[in-house]
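To keep things clear, I will list the structure first and then write my remarks on it.
Just so it is clear, the values below take in all heavy atoms, side chains as well, and ignore hydrogens, waters and symmetry mates.
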Amino acid sequence: MGVEEGVYKAKTGLPLWMLGLGADLLWADMNRLLGFLFHQGVLDEQFLQLQQLQDDTSPNFVSEVVNIYFHESEKLLRNLRALLMEREFSDYKKMGSHLNQFMGSSSSIGAKRVRNVCVAFRAATEHNNRAGCLRALEMLEHEYCYLKNKLHELFQIEQQRALAAGVRYPAPVQN
């Protein structure tokens, strides 16, 4: 059984989920990745609480909420960068407002490291420290990209697992 871009393949070359196999393997991969993200401090218990809100009536709840977070976060990152790139930058209060939004939404999905960088970034704005703000923005963009990539990976595995668990073939008819 080979792995190509995170997709387990049978000897046929088909992904295991297409054969109705591998749901347990994928479940283990999801748990391993989540454990890693918690151990690294990328996520906190709020993410687990968000997952508990997902059920059969809303099987994509977490990914939908997180995608809204990503969309809004990218706007906030653009706004923060635009403010800092202004030649006569002095609106630390506006920057603090954007950071408060970013901190709140990051907290609500359990994005612990992103939230922590926002806290440090806000401290730099409170001291009118432009150089500190620029460093914090770089750190924030890095942590945000890391979070986005890892959650994208998690959702891909989750989607493959759901497909693998959902594929059922009828039992052979006995004559």
Side-chain angles (χ1 to χ4, degrees), residues 3-7 26-27 29-55 57-162:
V3 178
E4 183 179 302
E5 290 187 36
V7 177
L26 294 165
W27 189 259
D29 282 352
M30 279 178 56
N31 286 330
R32 225 180 342 269
L33 179 55
L34 271 175
F36 173 77
L37 294 174
F38 279 95
H39 179 73
Q40 294 292 314
V42 174
L43 296 175
D44 64 21
E45 63 281 346
Q46 184 62 36
F47 188 80
L48 294 177
Q49 291 177 9
L50 190 62
Q51 284 185 311
Q52 290 173 356
L53 297 174
Q54 185 165 292
D55 60 20
T57 62
S58 57
N60 299 316
F61 178 76
V62 175
S63 65
E64 289 169 4
V65 168
V66 169
N67 281 326
I68 292 168
Y69 165 80
F70 288 150
H71 179 74
E72 294 303 312
S73 295
E74 286 173 19
K75 279 196 264 184
L76 289 168
L77 284 168
R78 277 194 305 273
N79 291 342
L80 289 166
R81 180 155 294 283
L83 278 171
L84 274 171
M85 293 302 119
E86 289 177 7
R87 199 171 263 214
E88 300 296 321
F89 174 72
S90 63
D91 200 349
Y92 289 97
K93 189 173 183 173
K94 188 172 185 178
M95 184 166 286
S97 173
H98 289 316
L99 286 167
N100 285 339
Q101 277 184 273
F102 211 160
M103 269 190 319
S105 60
S106 296
S107 290
S108 72
I109 69 153
K112 183 178 177 181
R113 280 198 340 208
V114 170
R115 181 188 52 79
N116 290 346
V117 173
C118 286
V119 170
F121 196 159
R122 189 173 63 182
T125 66
E126 289 168 356
H127 290 95
N128 296 345
N129 179 348
R130 187 174 185 170
C133 288
L134 286 166
R135 281 190 304 276
L137 178 61
E138 282 183 31
M139 284 177 52
L140 184 57
E141 289 172 334
H142 171 79
E143 288 300 332
Y144 170 77
C145 285
Y146 185 77
L147 173 73
K148 187 174 182 179
N149 288 336
K150 289 300 177 184
L151 288 181
H152 180 69
E153 183 181 339
L154 180 71
F155 296 145
Q156 280 185 316
I157 296 169
E158 185 176 31
Q159 189 175 43
Q160 291 171 9
R161 186 204 53 80

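Taking both residues in full, the closest heavy atoms of L53 and S58 are given as O-OG, 4.0 Å, listed atom of the first, atom of the second, then distance. Minimum interatomic distance between L137 and L77 (heavy atoms only, all atoms of both residues): CD1-CD2, 4.2 Å. The minimum heavy-atom distance linking V117 with A136 is given by the pair CG1-O, 3.7 Å. Nearest approach of F121 to M95, heavy atoms of both residues: CE2-SD, 3.6 Å. Among all heavy-atom pairs drawn from A124 and G132, the shortest one is CB-C, 3.9 Å.
Here the OG atom belonging to S108 is positioned 12.5 Å from the CE atom belonging to M103, to the nearest 0.5 angstrom. Interatomic distance, CG of L154 versus CG of D29, reported as 10.5 Å (0.5 Å rounding). We find the CG-CG distance between L43 and L33 to be 8.5 Å, quoted to the nearest 0.5 Å. Atoms CZ and CG, from R78 and L83 in turn, are 13.0 Å apart once rounded to the nearest 0.5 Å. Between L34 atom CG and L151 atom CG the span is 8.5 Å, to the nearest 0.5 Å. Distance CG/L80 to NE2/H98: 6.0 Å, rounded to 0.5 Å.
No donor-acceptor contact under 3.5 angstrom links the side chains of E158 and Q51, judged on distance only.
Residue-environment remark: CD (Q159) stays at or below the threshold of 12 foreign heavy atoms within 6.0 Å.
Applying the side chain to side chain donor-acceptor pair (under 3.5 Å) definition to pairs two or more places apart or across chains, those involving residues 124-146 are E74-Y144, R81-E141, R113-E143.
L134 is listed as a side-chain neighbour of M85, based on a closest heavy-atom distance under 4.5 Å. In this structure, the side chains of F155 and N67 stay at 4.5 Å or more apart for every pair of heavy atoms. Between V42 and F36, every side-chain heavy-atom pair lies at or beyond the 4.5 Å cut-off. Two residues are said to be in side-chain contact when any heavy atoms from C-beta on lie closer than 4.5 Å; V114 and Y69 meet this criterion.
Under a 3.5 Å cut-off, the side chain of S73 and the backbone N or O of F70 do not form any donor-acceptor pair. Between the side chain of Q46 and the main chain of S107, no donor-acceptor pair closer than 3.5 Å is present.
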Q: Apply side chain to side chain contact (heavy atoms under 4.5 Å, CB included) to L37 and F47, showing your working.
A: CA-CA 11 Å; L37 294 174; F47 188 80; over 6 Å; no

